[in-house]
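Reading through the structure tokens given below for one structure.
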Amino acid sequence: MVSLTAIALNDWSFTQVGGGEGTKDGEWLPVHQFPTTVHVELLHLKKIPDPFVGLHEWDVQWIGESQWAFKTSFKVSDADLQASHVDLVFEGLDTFASVLLNGTQILSTENQFVENRVDVKSSLKAENELVIEFDSAFIRGREIEKKHGKLALWNGDSSRLHVRKAQYNYGWDWGPVLMTVGPWKPVSLQVYQNRITEVDVRSNVSSKLDVQTSIGIEFLEKASGTASVVLKGPDGAVVASDSNISTSNGHSHVSFSFKAGEVQLWYPVGYGKQPLYTVEVEIADESGAVLDKKTKKISFRRVSVVQESLIDAPGLTFLFEINNIRIFCGGSNWIPADSFLTTVTPDRYQAWLQLLVDGNQNMVRVWGGGIYEYDIFYDICDELGILVWQDFMFGCGQYPAYDSFLKLVQEEAEQNVKRLRHHPSVVIFAGNNEDYQLAESEKLELDYADETSDFRKTNFPARHIYERLLPAVVEKHSNIHYHRSSPYSGQGKVTTDRNFGDLHQWNVWHGTQEPWHNWDILSGRFVSEFGMQGYPNIRTVDQWLGDAKEERYPQSRTNNNHNKASGFERRIELYLVENFKHTFDMDDYVYYTQVMQAECLAAAYRLWRRNWAGKGKEYTAGALVWQINDCWPVTSWAIVDYWLRPKPAYFSIARELRPYTVGMTRKDKIDYPDDRRAANFVIDTVLEIWGTNSTLEEKQTTLEVTSFDLHSDWTDSWKESVTLSPNSSTELHKGTLPGQPARHKHSEVPKNIVVSARLLDADGTILGRYANWPEPFKFIKFPNVKEVGLKAEVSADGESVVLSSKKPVKGIVLDVDGDDVAWSDQAIDLVPNDPQTIKAVGLKGRALKIRYLGDGVN
């Protein structure tokens, strides 16, 4: 045997050690897939109820507190036994595992996030048995906690802070308690003479867009053979190469240089193409026989995180500049796509990430309480042009920093930085999620001005991880920007400072529970978390209710279990009652919470994009909603539910992230002619209009503004030619609200005036539209069905719907009985003389159910 051969070990069986509810003592059951985890196999065998349905989450807790074992047997040929090296490679074991080969322990693991490789040449026989015994991570964590002490946290059991395992397994405010266990990544036998242990590809793109590519190669052994490097372009043609590279030192280094334009640059979606190049590295022996080959897909791009002074505002920017282009990052936070990770197929990853792109989003943040995602996740982001904000896996906790823990973290960080660094999509590493925020809340020892102490001696020892260990690893092994935390202000400021760094803005929903209309005064330089809950598709609700139809009301025990947020009923109802008249019928409640979420989140993107006002005025440079996805069927902040069904909020956000948008606010202005008197005043309603343009070219367009009185035939309309500045927002109009008389008494009720603004291209194409309504909606007396005159005409092919009306209509949500439809838009506002066409893939001519504010179901 000469060339490296990897033999996948996929034929496994499993057992509950000592027997119990899962298997009888000594009973080994075959797995139906590999890699796998215990819940997945027991579900397949119908030995446990579906924990995603009803209250069954609580019927399977014993799994995470039991011991489990997996075993396989494999043969090794005489030729393989004669090879220089034979390794067993475990790409991921979850979490505390003891590995036995032919009865002898060869490995003990304590970290879900790392790969383990074991030289087993001397232990192999012609026929071999491999057993992996898994301890309960929960019990082991509790034991470690007893030794090292209980620490503060938000979400889950405090023992999780001592365990290098996906933290969301312990339960979160959107996820269940499901402690997975098993070989969650592939296991293989590798046979070889020599191998490539590392390929380090780094590209430096200058401000002039010249490219310098450095490729470092490490080999397991010093040898007298040679290595070669080939760089191929997107079309497969060779761009550069170097052969006959010496391997005698155990490492080699190759550089390629290109002038601007000689290679294509990689851009985020919407700003250019995503060309992927291929680096091929081979090592050969003296006779020229190939011993090993590694291939990496790479791209070339210049990335800067720009923190500089602003015009007419305190603090500094926090923005991403790609290839000298400043990017407004509109996107989402990402949690693991399933409680059972081995069930997430490449197709599901593709579907999730395509939803981001289809929703006009250009950034995803991999949150620090899940996993460093599978390679396929980053491959797809590279291909689609999605920027990745990557957290290290620490979330909402006072993590320890004793020596054995730091050793685990060091290896984890090194492995994952090396694994991810070549991806053009990965543009930032952040040390953790909200750990500094927790330290502030718990009043731990946290002096931001202190940069020199040994933080391990304080009660916030993890500063050593975030300010010493992780930045050193990132700097040594990559060219990627490191940020200490999310959120983190720097400059000696607390994490809630809106003028520096990134911000998690939870004063809508959490905190002071501000009205969402205050998003403009709740902005930050980069808002990396914010959100509002909304129920998922009613089909998802019915799925988790199972056969318990008596539980089909919002306050039922089952629905309560499928919302993990503390105080969610009070918070949802606070925002509903402030804004809507609503009932507690299940279908009604789903509708109203969905429209509430859609209105709330669209307002945030609309108002914060206004703050992207040009060079030196990037007052808000990004908005990442919490969150795009769910790990199980649940009511949460997600804008797409577990089954990949977009909520109306997904579409309202997509409209606000189009290349061209128009936005409006209306605010009452009160003047007192005599400052000694409160009874005499004038209230004027001021309308402000702006447009945004994310393209890099100035855009000439027509602004058309039409105002409607909901209760009369009065209208007002005007147009003007406007110029939208490139890559920024542009203020377009400020004046009193048409049709709204000045008021002199609080008893003078303002008219219900709806203002529609559209941006029209030269050929009449609608580039952007938005209808501004008086709020709160609960005060509106909506026209009756006959006055509204809503029409929904289904196309001849049954796959699209044209909506029109005689009066303005708010919050249209379309549905059908039976299987769901792939709608192109939802939460739609409609005004007269502006019909909208909605694609409806899968409609098949079925009768529509139309819901809107002020009406029931049509």
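For reference, positions follow the sequence shown, starting with 1.
Trp367 pairs in a ring pair (Phe, Tyr, Trp, His ring centres under 6.0 Å) with only one of the listed residues (Trp172, Trp389, Tyr168), which is Trp172.
The number of heavy atoms from other shown groups lying within 6.0 Å of NZ (Lys232) does not exceed 12. Dense packing is recorded around NZ of Lys699, with more than 12 heavy atoms of other residues, nucleotides or ligands lying under 6.0 Å away. Enclosure of atom NZ in Lys617 is not indicated, since only 12 or fewer non-hydrogen atoms of other residues, nucleotides or ligands lie within 6.0 angstrom. Within a 6.0 Å radius of CD in Glu451, other residues, nucleotides and ligands contribute more than 12 heavy atoms.
Of the possible polar contacts, one joining the Asp502 side chain to the Tyr488 backbone as a donor-acceptor pair under 3.5 Å is found. With Ser299 contributing its side chain and Pro275 its backbone, the two residues share a donor-acceptor pair below 3.5 Å. The closest donor-acceptor contact from the side chain of Tyr605 to the backbone of Gly331 lies under 3.5 Å. Between the Gln505 side chain and the Leu522 main chain, a donor and an acceptor come within less than 3.5 Å of each other. Between the Tyr277 side chain and the Gln264 main chain, a donor and an acceptor come within less than 3.5 Å of each other. Without hydrogens or angle criteria, Ser441 side chain to Gln437 main chain gives no donor-acceptor distance under 3.5 Å. A distance-only check finds no donor-acceptor pair linking the side chain of Glu618 to the backbone of Leu319 [under 3.5 Å].
If you check the side chains of Ser485 and Asn432, you find a donor sitting under 3.5 Å from an acceptor. In this model, no donor atom of one side chain and acceptor atom of the other lie less than 3.5 Å apart for Arg484 and Tyr436. Residues Thr295 and Glu280 bring no donor and acceptor atom of their side chains to less than 3.5 Å of each other. Residues Thr213 and Ser203 bring a donor and an acceptor atom of their side chains to less than 3.5 Å of each other. Asp435 and Tyr399 share no side-chain donor-acceptor pair at under 3.5 Å. Ser729 and Arg609 form no side-chain donor-acceptor contact under 3.5 Å, judged by distance and modelled atom types alone. Side-chain polar atoms of Gln361 and Ser332 form a donor-acceptor pair below 3.5 angstrom. Using a 3.5 Å distance cut-off with no hydrogens or angles, the side chains of Thr695 and Glu697 do not pair a donor with an acceptor.
Using a cutoff of 4.0 Å between basic side-chain nitrogens and carboxylate oxygens, Arg365 and Glu529 are scored as salt-bridged. Salt-bridge check for Asp338 with Arg348: passed, with a basic side-chain N closer than 4.0 Å to an acidic carboxylate O. Under a 4.0 Å N-O distance rule, the pair Arg421/Glu198 qualifies as a salt bridge. Ion pairing of Glu731 with Arg610 is present here, as a side-chain N (NZ or NE/NH1/NH2) and a carboxylate O approach within less than 4.0 Å.
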Q: Kindly indicate, with the supporting measurements, whether the criterion side chain to side chain contact (heavy atoms under 4.5 Å, CB included) is fulfilled by Thr665 and Trp690.
A: CA-CA 9 Å; Thr665 59; Trp690 65 91; 3.5 Å; yes
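The cationic atom of Arg419 (NZ for Lys, CZ for Arg) does not lie both less than 6.0 Å from the six-membered ring centre of Tyr372 and within 45° of the ring axis.
The ring of Phe429 has its center closer than 6.0 angstrom to the ring center of Phe392. A distance of 6.0 Å or more separates the ring centres of Trp174 and Trp637.
Going from atom OG1 of Thr765 over to atom CG of Leu759 covers 12.0 Å, rounded to the nearest 0.5 Å.
Sorted by first then second residue, the side chain to side chain donor-acceptor pair (under 3.5 Å) pairs that include residues 303-315, not counting sequence neighbours, are Glu308-Arg326.
The aromatic rings of Phe377 and Trp334 sit tilted, their planes meeting at an angle between 30° and 60°. Aromatic ring orientation, Tyr378 versus His423: tilted (interplanar angle from 30° to 60°).
Counting all heavy atoms, side chain and backbone alike, Val494 lies closest to Tyr448 at CA-CE1, 4.0 Å.
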